[in-house]
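Counting begins at 1 with the first residue of the sequence. Every value quoted in this text rests on a predicted model; they were computed, and no experiment measured them. Computed from heavy atoms alone, side chains included, the values below leave out hydrogens, waters and symmetry copies. Every number for a ligand or one of its atoms is a count from 1 in the order of the listing.
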Amino acid sequence: MPHSLFISDLHLCPTRPAITALFMRFVRDIAPQAEALYILGDFFEYWAGDDDLAEPFHTAITDALAGLAQQGTRIYLMHGNRDFLLSDAFMGAAQATLLPAPLLLDLYGTPTLLMHGDTLCTDDVAYQQFRAMVRSAEWQNNFLAQPLSQRKAQIDELRKKSAQEKSGKSAEIMDVNSDAVENTLREHGYPRLIHGHTHRPARHVHTVDGKTCERWVLPDWYVSGGYLRCDAAGCVAHTLEISAEEAKHAR
Ligand code: LP5
Ligand code: MN
């Protein structure tokens, strides 16, 4: 049956090899049967710029995606809050298409809205201010004009600062705001919504203006991985456990 797969928040990086191995298995055994793979942000732990593509870890990932594309699975990627600097050179190497966000698509007859999910966290005012700054073209041009090593040092600082700030934020602040969800659903004509970011995988049902909408939150890839599979009959969430063999990569 024709179907599409959705993943997000893999946070791929060389220091979590078991998760990388799990992703490679997903790409080898599961994704080739799908018409399309949608990666809804935070595919990488962070992305400092496409001039980091030659890093062997990054090459291994783009090679895996390009191999999947060669088998006929279309690959779509949306930016997350950690990898919004992924650009044309990456898309070319991975044979992937960058998606604008949010994106409303007709998924086997069901209007479906795709987004990373961070824009729904409107109570996290400090983050939203930070986001507005780093998503401006001017800020990105200035940032990318710096040498790669300098950018990575700044990202290191930022990651520490973000971890520190997050420890002082409540779980509610870092979750989606229900008004933001309802407004988004209303604005886009009450579609099905698929997003990640909050690391709280679930299927929610919202009733907005008397219309019932499904909201799928994708899982992160930390202790285990997972994906959402959608076809004409609907969507089903699948968990992927790290195998004993893959776990050996971590030692
Ligand atoms: O990703 P997650 O879920 O852990 O946390 C997010 C928000 N944090 C971030 C920061 C990223 O995690 C860090 C890596 C990003 C790499 C981007 C590369 C290019 C930019 C480089 C800029 C130097 O997105 C976190 C949210 C959380 O989601 C839940 O929604 O709370 O937000 C924060 O913690 C942000 C703080 O609240 C505000 C940060 C102010 C930083 C001030 C500038 C410091 C610059 C230091 C470098 C010079
Ligand atoms: Mn995120």
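Looking at residues two or more places apart in sequence or on another chain, you find a side-chain contact (heavy atoms from CB on, under 4.5 Å) between Ser170 and Glu172, Ile173.
Around the Mn ion (ligand 2), protein N, O or S atoms at less than 2.8 Å comprise Asp42 OD2, Asn81 OD1, His116 NE2, His197 ND1.
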Show the short N or O contacts, below 3.5 Å, that ligand 1 makes with protein N or O atoms; if there are none, say 'none'.
residue	atom	partner	partner atom	Å
ligand 1	1 (O)	Asn81	ND2	2.9
ligand 1	1 (O)	Arg82	NE	2.7
ligand 1	1 (O)	Arg82	NH2	3.2
ligand 1	4 (O)	Arg82	NH2	2.8
ligand 1	4 (O)	Lys166	NZ	2.5
ligand 1	8 (N)	Ser162	OG	3.0
ligand 1	12 (O)	Arg82	NH2	3.3
ligand 1	24 (O)	Asn81	ND2	2.8
ligand 1	28 (O)	His197	NE2	3.4
ligand 1	30 (O)	His197	NE2	2.9
ligand 1	31 (O)	Asp124	OD2	2.6
ligand 1	31 (O)	Lys169	NZ	2.7
ligand 1	34 (O)	Ser162	OG	3.1
ligand 1	34 (O)	Lys169	NZ	3.4
ligand 1	37 (O)	Glu165	OE1	2.9
ligand 1	37 (O)	Lys169	NZ	2.8

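Tyr222 and Leu22 fall into different hydrophobic clusters, where Ile, Leu, Val, Met, Phe, Trp and Tyr side chains are chained together by heavy-atom contacts under 4.5 Å.
For residues 65-82, every residue pair satisfying the side chain to side chain donor-acceptor pair (under 3.5 Å) rule, not counting sequence neighbours, is listed here: Glu45-Arg82, Gln70-Gln95, Arg74-Tyr76, Asn81-His116, Asn81-His197.
Looking at Asp220 and His199, their side chains do bring a donor and an acceptor atom within 3.5 Å of each other. Judged by distance alone, the side chains of Glu35 and Tyr108 do bring a donor and an acceptor atom under 3.5 Å apart.
In this structure the side chain of Trp221 reaches within 4.5 angstrom of the side chain of Ile7, judged on heavy atoms.
The side-chain contact (heavy atoms from CB on, under 4.5 Å) with Phe26 is formed by just one residue from the set Leu10, Leu5, Leu68; it is Leu5.
Distance alone, capped at 3.5 Å, is enough to place a donor-acceptor pair between the Arg16 side chain and the His11 backbone.
Ring-plane geometry between Trp139 and Phe84 is classed as tilted, the angle between the planes lying from 30 to 60 degrees on a 0 to 90 degree scale.
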